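One structure is given here, and the rest of the page talks about it.
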Amino acid sequence: MSRHYDITAVRRQFPVTEHMLYLDSAHQTPLASSVRDALLRFYSEGNEFAGPKSLWLSRVEQIRGRVAKFLNAKPTEIAFTKNTSESMNVAANALPLERGDNVLLVEGDHPNNAYAFLNLQRKGLEVRFVPLKGETASAEMFEGYVDKRTRAISLSHVTFHAGHRFDLASIGRLCAQRHLYFVVDAMQSTGVLRLDVKAVQASIVGSGCHKGLLVPQGLGILFCEEGLDELQPAYLAMSSLANPPGDYIARADNMDLKHGAGRFEIGNLNLPDIHALDASLDFIEGIGVDAIEAHLYDLGDRLIEHLDEQRIRLVGPRARADRAPHIYVLDLPAETWLDYFASQQVRISPERDGIRVSFGLFNTFEDVDRFATIVARRVRTSALSAQAVR
Ligand SMILES: Cc1ncc(COP(=O)(O)O)c(C=O)c1O
């Protein structure tokens with residue numbers, strides 16, 4: 001059941017749901033049949049026609065346009081990368097950072113964001129980890145850490161480890177007021193939560209595509225706000241240039257960069273995954289991100305009800321405004337629960353503070369109830385055996 005879309009039709013796209021209780025979409029989403037079909041079509045084109053590369057490249061531009069629309073950006077503001085880490089490293093190395101400058105990150109945020117900046121410590125950058133205060137990160141949390149040498153704030157939209165949903169709009173406002181670059185890791189939110197890069201005033205957004213965007217690993221996207229021409233790519237290839245040499249002979253006197261995010265693209269792209277992204281955007285837009293978000297929040301509400309009944313603490317935020325729709329960490333010791341879940345064909349992830357349940361667009365209320373029953377059964381059995389020992 002879903003109050004927001006035809007979940008039966010959506011679920012049919014994920015045959016894995018027939019033999020497994022899949023609650024691990026924040027790790028990776030299973031492959032949808034329509035996305036698999038797009039990959040197969042791409043491989044058949046390569047197989048039967050030796051790859052119509054010009055056609056593939058024209059499709060890349062069309063799909064770039066779709067990604068732009070999806071994020072409320074312009075096509076020239078979008079580059080394809082390999083994953084989130086590459087997008088974050090592009091950002092960190094492109095920003096005009098000087099020795100003694102500092103960048104603000106959130107303590108405990110995803111390491112793939114943090115290392116991109118920590119790597120620049122050897123060039124004299126100061127990385128300041130700002131501790132989370134309460135259930136969300138908003139401008140207020142960062143204000144006391146901004147000084148004359150602060151150049152950027154970089155953080156995840158949604159945390160993978162407890163499902164916080166950070167207040168990007170207020171942080172974007174702070175960055176605009178203080179002339180800071182605003183860098184966002186959207187890996188856990190793309191396809192699950194609407195992200196309007198203009199509304200949150202982001203300078204750079206990076207994301208992989210293998211979670212909410214339903215594409216196999218190996219494709220990332222990068223939004224870079226128009227006009228940030230001072231951002232210089234750390235790597236260069238023909239594809240980064242405004243006028244690449246037609247005769248394929250490199251010349252040092254004609255190295256003007258493309259305007260826009262294209263300057264950060266180097267070499268051949270992950271064409272199979274970009275084709276897969278086209279199919280996944282068909283699928284996601286056919287349902288609507290707002291409908292997906294609303295459905296996942298409904299599932300989360302139902303899960304929280306079960307947790308309250310069973311007196312199991314939710315590690316992350318409870319309020320819809322502060323929490324991501326799909327990520328819930330239960331205060332259960334992973335080391336004693338993992339084998340049990342595996343034995344019940346339940347796929348979850350161990351997390352820092354417990355067991356992480358994460359929903360995908362194909363999960364149902366029945367999935368949530370089934371999970372709660374499986375948890376309750378083990379709690380009951382453990383209580384009975386503890387009584388017997390006494
Ligand atoms: C917030 C966040 N950033 C980044 C990543 C992964 O980075 P990458 O796409 O480079 O593998 C994850 C999880 O896989 C994540 O949860």
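Quick caveat, the model's predicted, so the values are computed rather than measured. In this chain, numbering begins with 1 at the start of the sequence shown. Whatever order the structure lists them in is the order used to number ligands and atoms, beginning at 1.
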Please determine, by modelled atom types, if [X] and [Y] share a side-chain donor-acceptor pair under 3.5 angstrom.
X      : Y      : answer
Arg41  : His275 : no
Ser170 : Ser138 : no
Ser156 : Asp109 : yes

Looking at Phe160, which atoms of ligand 1 are within less than 4.0 Å of one of its heavy atoms? 16 (O)
Ligand-residue contact atoms, ligand 1 with Ser156, heavy atoms, under 4.0 Å: 1 (C)
Please confirm whether the ring centroid of Phe341 lies under 6.0 Å from the ring centroid of Phe371. yes
Given side chains that start at C-beta, do those of Phe142 and Leu155 come closer than 4.5 Å, heavy atoms only? yes
Can you find a heavy atom in the side chain of Pro272 that is under 4.5 Å from one in the side chain of Tyr43? yes
Among Thr81, Asp185, Thr84, Asn83, whose heavy atom sits nearest atom 3 (N) of ligand 1? Asp185
Name the option, out of His210, Gln217, Gln188, His110, that contains the heavy atom nearest to atom 5 (C) of ligand 1. His110
Tell me, please: is Lys211 in heavy-atom contact with ligand 1, that is, under 4.0 Å? yes
Identity and separation of the nearest protein heavy atom to atom 11 (O) of ligand 1: Asn112 ND2, 3.9 Å
What's the shortest distance from atom 10 (O) of ligand 1 to any protein heavy atom, and which residue and atom give it? Ser85 OG, 2.5 Å
